[in-house]
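Protein chains get the first letters and strands the later ones, always in sequence-line order, with residue 1 at the start of each. What you are looking at is a predicted structure, and each value in this text was computed from that prediction instead of being measured.
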Number of protein chains: 2
Amino acid sequence: MQKTAVVKSNDPIAAQLAPVGRETVQDRVYLELRRALIGGLFEPSQVLTIRGLADALMTSTMPVREALGRLITEKALEALPNRSVRVPPITLERMDDLLRARILIEGEAIALAATRMASRQVSVIESMLSEWDEMRALKLKKDVDREVTLNQSFHFEIYRACGSAVLIPMIESLWLQSGPCIRVAIYAFSEAGEVDTAHFHRSIVAALSAQDATAAREALIADISRPFNFLRNKLQSEAASKGMS
Amino acid sequence: MQKTAVVKSNDPIAAQLAPVGRETVQDRVYLELRRALIGGLFEPSQVLTIRGLADALMTSTMPVREALGRLITEKALEALPNRSVRVPPITLERMDDLLRARILIEGEAIALAATRMASRQVSVIESMLSEWDEMRALKLKKDVDREVTLNQSFHFEIYRACGSAVLIPMIESLWLQSGPCIRVAIYAFSEAGEVDTAHFHRSIVAALSAQDATAAREALIADISRPFNFLRNKLQSEAASKGMS
DNA sequence: TCATTACAAGTGTGATCACAAATCAAAAAT
DNA sequence: ATTTTTGATTTGTGATCACACTTGTAATGA
């Protein structure tokens with residue numbers, strides 16, 4: 001083994017070196033599309049072409065098509081019979097379906113996390129929350145992208161503590177699928193005078209630090225249900241007014 | 001639109017024609033690998049090479065690598081840092097993790113199905129079960145592959161009735177991940193004098209026909225827990241005897 | 001005899017090309 | 001004016017190739 005032979009003469013340096021993870025172009029494309037999807041940068045029903053994305057991402061078609069295939073298998077994208085791919089459209093049934101699954105799985109994850117999380121981990125979350133607050137107080141205009149990103153890291157910081165290598169990828173898949181819906185809801189929120197999301201997060205953290213699994217689950221359910229309920233009301237009222245005209 | 005123009009002169013024929021679904025080579029490869037994985041044809045920790053699979057499946061490397069990528073994203077396969085791919089090894093932690101997730105999600109699915117399933121659908125399941133029984137009575141030697149396949153169609157016939165387009169793919173992913181474990185357990189079963197799986201299935205059907213969601217969930221949990229518990233005991237005793245020597 | 005090096009075979013990744021199917025636009029016919 | 005047809009462009013799919021990296025083995029050294 002050549003590398004170890006080279007390294008073993010100066011171990012203390014090697015100890016400080018992190019492995020340089022050679023991520024492939026395909027991985028970068030996949031992660032970028034994921035980010036865009038969760039952040040809601042693509043609109044529901046929007047069709048995506050391989051060559052179009054390849055041009056936008058400054059790469060060839062090969063990594064893009066494989067990334068698209070992966071996203072299709074986790075239902076983040078939809079393969080039309082024409083063999084073109086689009087981000088799935090929003091329907092009321094699908095929204096309710098997604099919300100029920102998220103309540104089920106993320107609720108279980110946070111209940112597990114509540115029992116397993118050390119107090120040090122909770123305080124990390126807490127500090128993340130206050131940092132978030134003061135950043136929000138600083139800039140008056142609200143940055144929707146930033147909000148979405150921070151909300152995501154808040155939740156997944158908790159989910160990681162559940163210690164389940166099976167549940168976490170499923171939750172990621174669920175966020176991927178509900179990303180476009182959520183984005184629409186957030187836009188609607190910021191129009192219609194936003195209620196504070198911070199309140200929900202605070203009660204989640206309180207339940208976690210009390211190691212109260214049931215309270216944590218209920219607080220989480222309230223948190224993730226809110227945009228869905230808001231969007232459902234919006235869609236229903238739109239459908240009703242359209243039915244009237 | 002040419003096709004509709006051609007068809008509209010003889011509509012009654014068109015009504016009887018099912019769309020001929022042009023499945024791609026990649027899809028066939030993907031489905032074949034899925035089948036092999038769920039059926040446990042690959043052993044845990046076995047490494048798979050693109051060119052090897054391409055030769056075995058009589059196709060080029062292209063469809064294989066895309067299918068492998070898809071299977072990796074749903075955690076049915078594992079990407080090693082060497083960039084080679086293998087079927088994930090079995091560990092006690094992973095088994096417990098998988099079982100908990102399956103109890104959670106498949107339990108929810110069957111509870112939903114119990115409330116939504118029409119009596120006609122239940123009788124379809126019932127007839128499927130008796131057909132299975134008499135087939136098993138016919139041939140003395142037990143066909144493990146057939147058992148696995150029939151067990152799969154029994155369960156998914158039920159899950160389809162839950163009507164959730166979100167839960168079902170997750171369950172498929174879970175079966176994909178636990179396929180190799182289950183196969184090992186089934187082999188261990190057939191060595192160690194099998195208890196009858198039919199009994200569990202009968203109580204599931206009974207609960208479904210009574211529309212008793214709670215009973216259905218509990219019967220299902222008993223059914224899917226059995227191979228896991230068996231395998232856990234086996235692994236633990238093996239580890240103990242290895243620790244002794 | 002053992003460790004190290006050098007070479008060869010194997011493997012994954014990305015780019016490019018050929019082909020078939022789909023989409024779109026303009027032209028032609030009714 | 002509307003519909004149909006025709007042709008050109010775009011798109012996804014599969015195959016092949018070049019390159020970089022890994023792995024395994026034989027040759028060389030101590």
**Request:** Take Arg116(B) and Gln121(B), measure what side chain to side chain contact (heavy atoms under 4.5 Å, CB included) needs, and give me the verdict at the end.
**Result:** CA-CA 10 Å; Arg116(B) 296 184 183 182; Gln121(B) 292 176 284; over 6 Å; no
**Message:** So if I take residues 42-62 of chain B and measure heavy-atom distances to DNA chain C, which residues fall below 4.0 Å?
**Reply:**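 When residues 42-62 of chain B is checked for heavy atoms under 4.0 Å from DNA chain C, the hits, listed by number, are Leu48(B), Thr49(B), Ile50(B), Arg51(B), Met62(B).
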**Asked** When rounded to the nearest 0.5 angstrom, what is the spacing between CD in Glu106(A) and CG in Asp223(A)?
**Response**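 Result: 9.5 Å between the selected atoms.
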**Request:** Look up atom CZ in Arg100(B) and atom CD1 in Ile105(B), then write down how far apart they are to the nearest 0.5 Å.
**Result:**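 One finds 11.0 Å between CZ of Arg100(B) and CD1 of Ile105(B).
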For atom [atom1] of [X] and atom [atom2] of [N], their distance in whole Å:
X        : N       : atom1 : atom2 : value
Arg83(A) : dG14(D) : CZ    : C1'   : 11 Å
Gln26(B) : dA20(C) : CD    : P     : 20 Å
Leu68(A) : dG12(D) : CG    : P     : 8 Å
Arg28(A) : dT13(C) : CZ    : C1'   : 12 Å

**Asked** Got a sec, which residues hit salt bridge (charged side-chain N to carboxylate O under 4.0 Å, His left out) with Glu157(B), two or more places apart in sequence or on another chain?
**Response**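 Glu157(B) satisfies salt bridge (charged side-chain N to carboxylate O under 4.0 Å, His left out) with Arg160(B) only.
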**Request:** Kindly confirm or rule out a cation-pi arrangement of Arg34(B) over Trp175(B), judged by NZ or CZ under 6.0 Å from the six-membered ring centre and within 45° of its axis?
**Result:**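 Verdict for Trp175(B): no cation-pi partner in Arg34(B).
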**Item:** Side chain Ser84(A), main chain Leu80(A), donor-acceptor under 3.5 Å
**Value:**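 A pair under 3.5 Å: no.
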**Prompt:** Would you say Asn82(A) reaches dT23(C)'s phosphate, i.e. side-chain N/O to OP1/OP2 under 4.0 Å?
**Reply:**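 Yes.
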**Under-3.5 Å donor-acceptor pair between Arg65(A) side chain and dG14(C) base** =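 Checked by distance alone, the answer is no.
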